[in-house]
Chemist: 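The structure is given below, and queries will be raised subsequently.
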Amino acid sequence: DTGVSQNPRHKITKRGQNVTFRCDPISEHNRLYWYRQTLGQGPEFLTYFQNEAQLEKSRLLSDRFSAERPKGSFSTLEIQRTEQGDSAMYLCASSPDRGFTEAFFGQGTRLTVV
Amino acid sequence: QKEVEQDPGPLSVPEGAIVSLNCTYSNSAFQYFMWYRQYSRKGPELLMYTYSSGNKEDGRFTAQVDKSSKYISLFIRDSQPSDSATYLCAISGAGSYQLTFGKGTKLSVIP
């Protein structure tokens, strides 16, 4: 499978716990994005990487959120001290290094905070 | 006013009907326009993209952009039950790395 891969697919955690999600982009794509999607809404941008550099972060990305992309390959998104409001689908996407954003999404990680 | 407005539906049509899905946007700086299809509990799948006013056709799908009215449309001809999904419009501006999505329109095609 040469698409964007996300793990785990589902995560249930207790409030206050830390969680980490992984994204493996399409291999030749330099750009990687994280989005969050809640029920009945479209995806909302969280952050963007060009290779290993994190170039843009949304104001939605509070201090409890951190993302990394070591060596410009896979990426991780960590949420510390989870809150019930963090329950959502976390989507990763990647795109080639072109002038417009033609992003291909993974299947997402569905987080439920109880 | 939200940057991208999209009627969430739901929209229900009989098989074989022509479907029209629409979005409006407020920022004239937006230059790139995309349509994604999302099945339940799956990630969005890119259907079509365009960066100019006019029509772009791909099989049963036609994307239409009117920059003067800040209005984009997706038409689906000969709709099939397998087209039942949520359709999301997404827009980005020149030099921007992020997509701004509409809420999505939930479509059901009834056999």
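Chain identifiers are assigned alphabetically (A, B, ...) following the order of the sequence lines, protein sequences preceding nucleic acid strands; residue numbering begins at 1 within each chain. Remember, it's a predicted structure, so these values are computed and weren't measured experimentally.
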Chemist: Side-chain heavy atoms nearer than 4.5 Å, only ILVMFWY residues, links allowed to pass through others: does that put B/Val109 and B/Leu47 together?
Modeler: yes
Chemist: Testing the basics here: between A/Ala103 and B/Leu46, what is the closest heavy-atom pair and its distance to 0.1 Å?
Modeler: O-CB, 4.2 Å
Chemist: Taking atom CG of A/Leu46 and atom CD of B/Gln98, what is their separation to the nearest 0.5 Å?
Modeler: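 Going from CG on A/Leu46 over to CD on B/Gln98, the span is 10.0 Å.
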Chemist: How about CZ on A/Arg15, more than 12 heavy atoms from neighbouring residues, nucleotides or ligands closer than 6.0 Å, or not?
Modeler: no
Chemist: Check this for me: B/Arg60, atom CZ, are more than 12 non-hydrogen atoms of other residues, nucleotides or ligands nearer than 6.0 Å?
Modeler: yes
Chemist: Is there a path of hydrophobic side-chain contacts, each under 4.5 Å between heavy atoms, that joins A/Trp34 and A/Met89?
Modeler: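 Looking at the clustering, A/Met89 is in a separate group from A/Trp34.
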Chemist: Non-hydrogen atoms of chain A under 4.5 Å away: do they reach the side chain of B/Pro44, the backbone, both or neither?
Modeler: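 Contact with chain A is through both the backbone and side chain of B/Pro44.
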Chemist: Which one wins on heavy-atom pair count under 4.5 Å against chain B: A/Arg9, A/Glu44, A/Gln41?
Modeler: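 The residue among A/Arg9, A/Glu44, A/Gln41 with the greatest pair count is A/Gln41.
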Chemist: Find out whether B/Leu99 and A/Tyr35 are in side-chain contact, i.e. whether some heavy atom of one side chain is under 4.5 Å from a heavy atom of the other.
Modeler: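 Yes. Closest side-chain heavy atoms under 4.5 Å.
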Chemist: For the interface with chain B, which of A/Gln37, A/Gln6, A/Gln107 has the highest count of heavy-atom pairs at distances below 4.5 Å?
Modeler: A/Gln107
Chemist: Please state whether the side chain, the backbone, both or neither of B/Glu45 comes within less than 4.5 Å of a heavy atom of chain A.
Modeler: neither
Chemist: Please check if A/Leu77 and A/Val4 belong to a single hydrophobic cluster, counting links between Ile, Leu, Val, Met, Phe, Trp and Tyr side chain heavy atoms closer than 4.5 Å.
Modeler: no
Chemist: Please classify the contact between A/Gln50 and chain B as side chain, backbone, both or neither, with a heavy-atom cut-off of under 4.5 Å.
Modeler: neither
Chemist: Give the cluster check for A/Phe49 versus A/Ile79: same hydrophobic cluster or not, with ILVMFWY residues linked at side-chain heavy-atom distances below 4.5 Å.
Modeler: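 Shared cluster, yes.
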Chemist: Who among A/Gly42, A/Ala93, A/Pro43 has the most heavy-atom pairs with chain B under 4.5 Å?
Modeler: A/Pro43
Chemist: Hydrophobic clustering (ILVMFWY, side-chain heavy atoms < 4.5 Å, transitive) - are A/Ile26 and A/Tyr90 grouped together?
Modeler: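 No: no chain of side-chain contacts under 4.5 Å links A/Tyr90 to A/Ile26.
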